[in-house]
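Being a predicted model, the structure only gives us computed values, none of them experimental.
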Amino acid sequence: MNIVFAIVVLGVLGALFGFILAVASKIFEVKKDPREEAILSHLAGANCGGCGFPGCGGCAAAILAGDAPVTACAPAGAENAAAIAKIMGMEAPTGERQVAFVRCTGGTNAKKRFEYVGVKDCISATKVAGGPLECAFGCLGFGSCVNACQFGAMSIGPNGTAVVDPEKCTACMACASACPRHLIVSVPVSKKVHVGCANQDKGKAAMNVCATSCIGCGLCQKECKKDAIHVENGVAVIDYSKCVGCKLCTKVCPRDAILPVATAEEKEKYKAIKKAQAEKAKAAAEASASK
């Protein structure tokens with residue numbers, strides 16, 4: 001009898017406390033803006049962290065609060081960004097799709113100070129005397145960026161440096177956050193000419209650590225007809241808003257530091273054209289002076 005009574009009392013108490021909790025949950029319920037779920041449904045769902053917020057839920061909340069733009073989730077793409085803008089009552093964003101680019105083609109061309117044996121991770125490698133490369137700006141090639149990419153767009157190329165597959169890249173830039181040497185930047189997908197070096201050392205110092213390092217000679221800057229490339233802090237930098245992809249800079253770079261690397265035949269042909277132009281200009285000047 002006592003056992004039955006105890007069970008009944010516990011049941012009544014359980015029901016009472018359940019009722020109290022149900023009432024309390026209604027009274028203290030925090031109303032959630034339905035737009036947050038709608039925004040979340042248009043995000044990539046990869047929780048890659050490339051947006052700088054804790055997962056897609058954090059990104060959706062930040063967009064709703066006005067702390068992040070509607071384009072905060074790069075992997076979601078332009079179509080979803082436009083849908084989010086509509087949810088927020090804003091104009092659809094415009095602009096070209098961006099992709100990641102690794103500012104280093106050193107790899108096997110770069111000199112090593114020692115052979116690193118340890119955890120195959122770039123951050124770990126930098127903790128051993130600053131890393132195994134002579135170049136303090138070079139890609140270490142241990143794949144921290146590859147591991148960070150959730151979309152299979154990063155890989156270690158044949159020469160030992162990280163490369164990006166622009167077809168798979170979503171510009172989430174998680175790879176950039178994972179790179180301890182800050183070599184990965186965002187570039188417009190339509191642009192094909194890039195400086196594959198980030199070495200800021202001067203001339204000979206840069207030359208001594210890598211066979212394809214930019215030495216800041218300025219020939220590319222001098223040759224560009226659109227004022228789209230300049231030497232800044234010892235290394236060439238492209239202004240993509242001006243670059244038309246003529247590739248003249250690639251043909252005069254003595255270090256093959258600008259991609260796509262011009263072939264020896266292309267360089268010789270361009271030299272011949274420049275020589276012919278110079279001779280023609282000289283002849284015209286002499287003819288004008290003799291009149």
**Item:** Side chain to side chain, F137 and S213, heavy atoms closer than 4.5 Å
**Value:** no
**Asked** Counting N and O atoms only, with roles assigned by atom type, does the side chain of K111 sit under 3.5 Å from a partner on the main chain of T108, one being a donor and the other an acceptor?
**Response** no
**Item:** Closest non-hydrogen atom pair between C169 and V99, with its separation
**Value:** SG-CA, 3.8 Å
**Message:** So for atom NZ, which belongs to K225, do other residues, nucleotides or ligands contribute more than 12 heavy atoms lying within a distance under 6.0 Å?
**Reply:** yes
**Prompt:** Where do L64 and M88 land on the side chain to side chain contact (heavy atoms under 4.5 Å, CB included) test, with the steps shown first?
**Reply:** CA-CA 7 Å; L64 185 62; M88 293 293 291; 4.0 Å; yes
**Asked** Hey, what do you get for CD1 (I184) to SG (C104), rounding to the nearest 0.5 Å?
**Response** 10.5 Å
**Prompt:** What heavy-atom pair brings S144 and C122 nearest, and what distance separates the two atoms?
**Reply:** OG-N, 2.9 Å
**Message:** Membership question, hydrophobic clusters at under 4.5 Å side-chain separation (ILVMFWY): are I258 and V252 in the same one?
**Reply:** no
**Message:** Between the side chains of D256 and K267, is the shortest nitrogen-to-carboxylate-oxygen separation below 4.0 Å, so that they form an ion pair?
**Reply:** yes
**Request:** Establish whether M90 and L43 are linked, either directly or via other cluster members, by ILVMFWY side-chain heavy-atom contacts under 4.5 Å.
**Result:** yes
**Item:** Over all atoms of both residues, closest heavy-atom pair of M173 and S186
**Value:** CE-N, 3.7 Å
**Message:** Quick check on side chain to side chain contact (heavy atoms under 4.5 Å, CB included): which of T105, L259, I229 does V195 satisfy it with?
**Reply:** I229
**Item:** Close side-chain approach of L140 to P132, heavy-atom, < 4.5 Å
**Value:** yes
**Message:** Could you tell me if the side chain of M207 sits less than 4.5 Å from the side chain of D201, heavy atoms only?
**Reply:** no
**I215 side, atom CD1; C253 side, atom SG - distance, nearest 0.5 Å** = 8.0 Å
**Message:** Measuring from atom SG of C249 to atom NZ of K226, what distance do you get when rounded to the nearest 0.5 angstrom?
**Reply:** 13.5 Å
**Request:** Test side chain to side chain contact (heavy atoms under 4.5 Å, CB included) on V102 and T161 and set out the steps.
**Result:** CA-CA 8 Å; V102 183; T161 57; 5.7 Å; no
**Prompt:** Is there a side-chain contact between L133 and R181, using heavy atoms and a 4.5 Å cut-off?
**Reply:** yes
**Item:** ILVMFWY network linking V119 to F142, side-chain heavy atoms under 4.5 angstrom
**Value:** yes
**Asked** Could you give the distance from CD (E134) to CZ (R113), rounded to the nearest 0.5 Å?
**Response** 6.5 Å
**Request:** Locate the shortest heavy-atom distance separating A153 from C149; write the atom from each residue and the value.
**Result:** N-SG, 3.3 Å
**Item:** Test log, rule side chain to side chain contact (heavy atoms under 4.5 Å, CB included), inputs K191 and I238
**Value:** CA-CA 10 Å; K191 302 299 182 179; I238 294 175; over 6 Å; no
**Request:** To the nearest 0.5 Å, tell me how far Q200 CD sits from C214 SG.
**Result:** 10.5 Å
**Asked** Taking all non-hydrogen atoms of both residues, which atom of P75 and which atom of C48 are closest, and how far apart?
**Response** CG-SG, 4.4 Å
**Prompt:** Nearest 0.5 Å, what's the SG-CG distance between C197 and L183?
**Reply:** 9.0 Å
**Request:** Say whether V164 and V185 are linked into one hydrophobic cluster, either directly or through other cluster members, by side-chain heavy-atom distances under 4.5 angstrom.
**Result:** no
**Message:** Quiz question: by atom type and distance under 3.5 Å, do the side chains of Y240 and E96 form a donor-acceptor pair?
**Reply:** no
**Asked** What about V163 and V146, same hydrophobic cluster or not, with Ile/Leu/Val/Met/Phe/Trp/Tyr joined at side-chain heavy-atom distances under 4.5 Å?
**Response** no
**Test item: K247 side-chain N/O and V193 main-chain N/O as donor-acceptor pair under 3.5 Å** = no
**Asked** Any idea which heavy atoms bring G58 and F53 closest together, and the distance?
**Response** C-CB, 3.9 Å
**Message:** Between Q277 and K274, is there a side-chain heavy-atom distance shorter than 4.5 Å?
**Reply:** yes
